[in-house]
Amino acid sequence: MSAVGQTTTDNDLQTRAYQAAASVCDPEIPVLTIGDLGVLRDVIVDDTGKVKVRITPTYSGCPAMNTIAIDVEVALATAGFEEAQVELVLSPAWSTDWMSNEGRHKLRAYGIAPPVESGSRGSLFGVDKIACPQCGSEDTAIISEFGSTACKALYRCNSCLEPFDYFKCL
Amino acid sequence: MAAELEIVSREALFDLALRLGDTSLVLGHRLSEWAGHGPLLEEDIALSNLGLDLIGQARSFLSYAGEVEGKGRDEDKLAFFRNAPEYKNLLMVELPKGDFAFTMVRQLLFSAFHLPLFRRMINSTDTTIAAIAAKAEKEMSYHLRHSSQWVVRMGDGTEESHARCQKAVDDLWPYTGEVFEVDNNARELIEAGIWVDPEYLRDEWNGTLDAVLNEATLKKPESGWMQSGGISGTHSEHLGHLLAEMQSVQRAYPGLKW
Ligand SMILES: [Zn+2]
């Protein structure tokens, strides 16, 4: 089966391919898609129906990238694009600014505090002030700068006493 | 990047990519040795995450090294099928992990230099080096913050933690001279705007260390005789042991995949 039909325009194809790729979830934070995260850079369908996808890692050592690449190929195949090539690009470097607002809402609802702008990254002894995703209190304390995955830090809420993950600002 | 190869020699660029990649790889491996041995659960996880960042950076640098070399060696071939004399890492990172104080002081000394290094490398005329540095710089700022906090906590802690930290600083100090070493290959790359003259980083490096060590009530040693040799492939016995373990599976079953 070919994705290049007589009645579909190029634009339709691009949109369909993009939506298929963008719907792939991050294996470590399954509530977010790679579209929400900004990990998906671009999707190009060429004249022959072949799809070229570019993704970028959140962290250099992000172990999810291989899984994401395979999931993108599967999602595209399911959407009728049999030939897809996934390429990893490093530049420009991913930053938490690329996370969509919808992505931030989804994260908070999932119990992970979304990244905040704070500028404290550069300071030697600085610690980010983070609101608890459970009760909203800002009376929180950092437990560890490094959490369950490379992109998260571990916090504790002093109001509701729940521990929570914080998606670090990069 | 291809255009740069006409200006600088392939060998010099290959050498730089190895120097950066090997240094990250070996330190990443040393940190991985803490998995399951951290002083507390959160720190165990933190050390693994630090190692993961470094191994990720190593993958990028070594892939690029293979590309520059043009002999079909990829990141795995370079990591698993070279012997110690072919490794170009800094001697500092191959020393055994020691106690937690030693590991944290090494992370401090390493990241206090590599944060400003990567920050300057973002402007490298080599686009691949610049792209890898842009990612690594963000990660390194967390590494520096993390190690600074621990060194302050331990240095300004109990008598025992203070003594262990001071010993780590004293033991590691002779290995810090190497980060400022510039050989002919590096000189060529500095002139082409690909690499950074480490002398430009000395003030920031001193400033960071003075701030942290002062807060930690630790003494910065007087500059004296410095170890040398890692970047030219003359290593301590420790690297051979590390490689024997790290490479054992690929040496026994070449090309094995998970
Ligand atoms: Zn709370």
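Chain naming here is simple, since letters A, B, ... match the order of the sequence lines and numbering starts at 1 in each. In this text, all values refer to a predicted model and were calculated from it rather than measured experimentally.
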> Closest heavy-atom contact between A:F146 and B:L50?
Replying inline: CZ-CD2, 3.3 Å
> What closest approach, in Å, do A:G147 and B:N49 show between heavy atoms, and which atom pair accounts for it?
Replying inline: O-ND2, 2.9 Å
> So does A:K106 have more than 12 non-hydrogen atoms from other groups sitting under 6.0 Å from NZ?
Replying inline: yes
> Distance from A:L88 atom CG to B:S63 atom OG, nearest 0.5 Å?
Replying inline: 9.5 Å
>> Between B:E42 and A:E145, is there a side-chain heavy-atom distance shorter than 4.5 Å?
In response: no
> Of B:R59, B:K138, B:E139, which is the lone residue that meets side chain to side chain contact (heavy atoms under 4.5 Å, CB included) with A:S60?
Replying inline: B:E139
>> Please determine whether the number of non-hydrogen atoms from other residues, nucleotides or ligands lying under 6.0 Å from atom NZ of B:K220 exceeds 12.
In response: yes
> Rounded to the nearest 0.5 Å, how far does CG of B:L41 lie from OG of A:S144?
Replying inline: 9.5 Å
> With a 4.5 angstrom heavy-atom cut-off, which part of A:T56 approaches chain B: side chain, backbone, both or neither?
Replying inline: neither
> Quick check: does any side chain N or O of B:D53 sit under 3.5 Å from a backbone N or O of A:Y59, one acting as donor and the other as acceptor?
Replying inline: no
> Is it the side chain or the backbone of B:I55 that comes within 4.5 Å of chain A heavy atoms, both, or neither?
Replying inline: neither
> Just wondering, more than 12 heavy atoms not from B:K77 lying within 6.0 Å of its NZ?
Replying inline: no
> CG/A:L90 to OG1/B:T128 distance, rounded to the nearest 0.5 angstrom?
Replying inline: 8.5 Å
> Do B:T127 and A:S91 have side chains that get closer than 4.5 Å, going by heavy atoms?
Replying inline: no
> Would you find a donor on one side and an acceptor on the other, under 3.5 Å apart, between the side chain of B:K135 and the backbone of A:P92?
Replying inline: no
